[in-house]
2 protein chains.
Amino acid sequence: MVRISSTDRRSALIDAALRVIGRDGIHAATTRAIVAEADMSLASFHYVFQSRDDMMHGLVASLIETQTLAALASITETTDIHRALRLGLQAYFEVLVAHPQHEQALMELLLYSLRSDDLADLPRQQYARYHSAVAELLVAAASSARVSWTRPVADIARTIVCITDGVTLAWLADRDAEASARVLDFAADSLAVLTRPLDAEHHNPERVHTP
Amino acid sequence: MVRISSTDRRSALIDAALRVIGRDGIHAATTRAIVAEADMSLASFHYVFQSRDDMMHGLVASLIETQTLAALASITETTDIHRALRLGLQAYFEVLVAHPQHEQALMELLLYSLRSDDLADLPRQQYARYHSAVAELLVAAASSARVSWTRPVADIARTIVCITDGVTLAWLADRDAEASARVLDFAADSLAVLTRPLDAEHHNPERVHTP
DNA sequence: GTCTATAATGGGATAGAC
DNA sequence: GTCTATCCCATTATAGAC
């Protein structure tokens with residue numbers, strides 16, 4: 001009976017939808033399940049959203065806006081780039097283990113979006129955002145550790161996203177935390193090789209980026 | 001009107017289900033869509049399968065049986081392990097680009113299985129099979145190239161599966177083939193480092209596996 | 001074994017009172 | 001703006017004739 005603004009309802013329903021998807025999967029995220037989770041009537045749903053697909057679009061768009069990749073942010077606080085990469089990847093993994101439903105929900109939404117005409121543009125934006133966010137972290141970490149990257153940062157960022165996605169899928173499938181940690185450590189080893197000290201004592205005429 | 005054996009019907013329906021999932025996604029793989037694809041009646045479906053979930057279990061189990069990872073098999077035909085890794089990963093990527101629906105269907109089935117009580121054991125089996133299949137290829141390739149791996153083959157196999165899965169997701173999202181190829185090439189570079197020649201001229205006392 | 005017909009359920013969306 | 005009640009369709013599964 002209380003009147004709630006349209007925007008508040010929108011975000012409340014989007015939050016509820018995300019909880020339902022995380023808990024029960026995207027196929028269980030019916031309009032009825034969502035309004036039950038948000039404790040609203042079905043009609044309220046259709047007052048603020050034209051359709052279920054309209055809500056899904058809002059949900060994915062909101063995720064793209066707000067995803068922060070906070071876990072990897074610890075990467076910037078260091079003077080040792082190898083250690084920074086390792087800790088950043090480990091931090092991501094800890095978030096995954098703590099909230100597997102969240103990562104699984106993101107995967108389900110990605111695959112769902114790829115099937116929908118309305119949402120088809122969003123996966124590209126989502127990954128562009130992942131890549132640029134990780135690239136920013138890589139630049140900050142390199143600067144803080146006084147090194148430069150020897151390959152384009154965009155490529156390294158994409159590699160990191162590929163590795164975290166791949167580790168996520170494998171861990172969701174078999175829950176082998178030790179094996180997943182070894183993959184991440186190997187990734188950190190391999191990526192750390194792609195740096196060179198910024199303030200070398202002797203002049204180094206090589207190009208920063210490989211040709 | 002023609003009588004078909006139960007087992008033939010089963011496999012025909014499973015094939016049809018896989019085609020529907022590949023074309024339209026797992027949420028579109030209703031019993032009706034599947035029997036239409038297989039050109040059967042709805043009742044025939046329930047004659048051979050107790051329920052839709054029963055069929056899904058048969059589908060995933062059959063995929064686990066038959067998946068061959070043929071693409072990576074080209075990895076074994078070489079004397080240069082770095083080249084072998086690169087070609088193997090590139091071959092996988094070509095299969096992905098040629099049949100993206102197939103890889104997407106596998107991802108959807110994985111996430112679907114993780115949500116279902118009946119199918120919850122299958123993802124673990126699926127990834128165990130991936131890992132052992134890749135491990136076998138790695139052993140064969142190393143033998144053919146007269147090198148040995150300096151880390152446990154199981155870990156390297158898992159790394160490769162993580163990379164291919166991650167590259168698959170990213171490419172499905174943004175279809176950037178060049179960037180994906182650079183990630184795979186970097187992976188080949190990094191993995192090739194984990195080998196040492198088998199028939200070194202001088203005796204090398206170090207352990208084969210890192211401690 | 002195979003079919004048509006239908007039961008039973010769940011879901012998206014809307015009408016219309018308040 | 002918010003609610004209840006309802007329409008209408010798709011879906012799973014089964015019944016029962018042949």
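Residue numbering restarts at 1 for every chain, and letters A, B, ... go by the order of the sequence lines. Everything numeric here is computed off the predicted structure, so don't read it as measured data.
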Just call it for A/Arg52: base, sugar-phosphate, or nothing, with non-hydrogen atoms closer than 4.0 Å on any strand.
sugar-phosphate
When you match B/Ala29 and A/Asp39 each to their closest nucleotide on DNA chain D, which lands nearer the 5' end?
A/Asp39
State which of C/dT14, D/dT2, D/dT11 makes the closest approach to the side chain of B/Thr30.
D/dT11
Nucleotide nearest B/Ala43 when distance is taken to its side chain, options C/dT2, D/dT4, C/dC3
C/dC3
Of the nucleotides C/dT2, D/dC3, C/dA13, which has the atom closest to the B/Ile4 side chain?
C/dT2
Using the ring of each side chain (for Trp, its six-membered ring), is B/Phe93 parallel, tilted or perpendicular to B/Trp171, with breaks at 30° and 60°?
perpendicular
In terms of ring plane angle, is the pair A/Tyr127 and A/His131 parallel, tilted or perpendicular, where the classes change at 30° and 60°?
perpendicular
Name the nucleic acid region contacted by A/Leu42, choosing base, sugar-phosphate or nothing; use a 4.0 angstrom heavy-atom cut-off, strictly under.
base
Compare side-chain N and O positions of B/Ser44 against OP1 and OP2 of C/dT2 and report whether any pair is under 4.0 Å apart.
no
How long is the line joining CD1 of A/Ile34 and P of C/dA13, in whole Å?
11 Å
Side chain of B/Arg3 (C-beta onward), nearest among D/dA13, D/dG1, C/dT2:
C/dT2
Pair B/Ser116, B/Ser113: side-chain N/O donor-acceptor within cut-off below 3.5 Å:
no
By the 4.0 Å heavy-atom rule, please label B/Ser51 as base, sugar-phosphate, or nothing.
sugar-phosphate
B/Arg10-B/Ser5 side chain donor-acceptor pair, cut-off 3.5 Å:
no
A/Ser41 near the nucleic acid: base, sugar-phosphate alone, or nothing, with a heavy-atom cut-off under 4.0 Å?
base
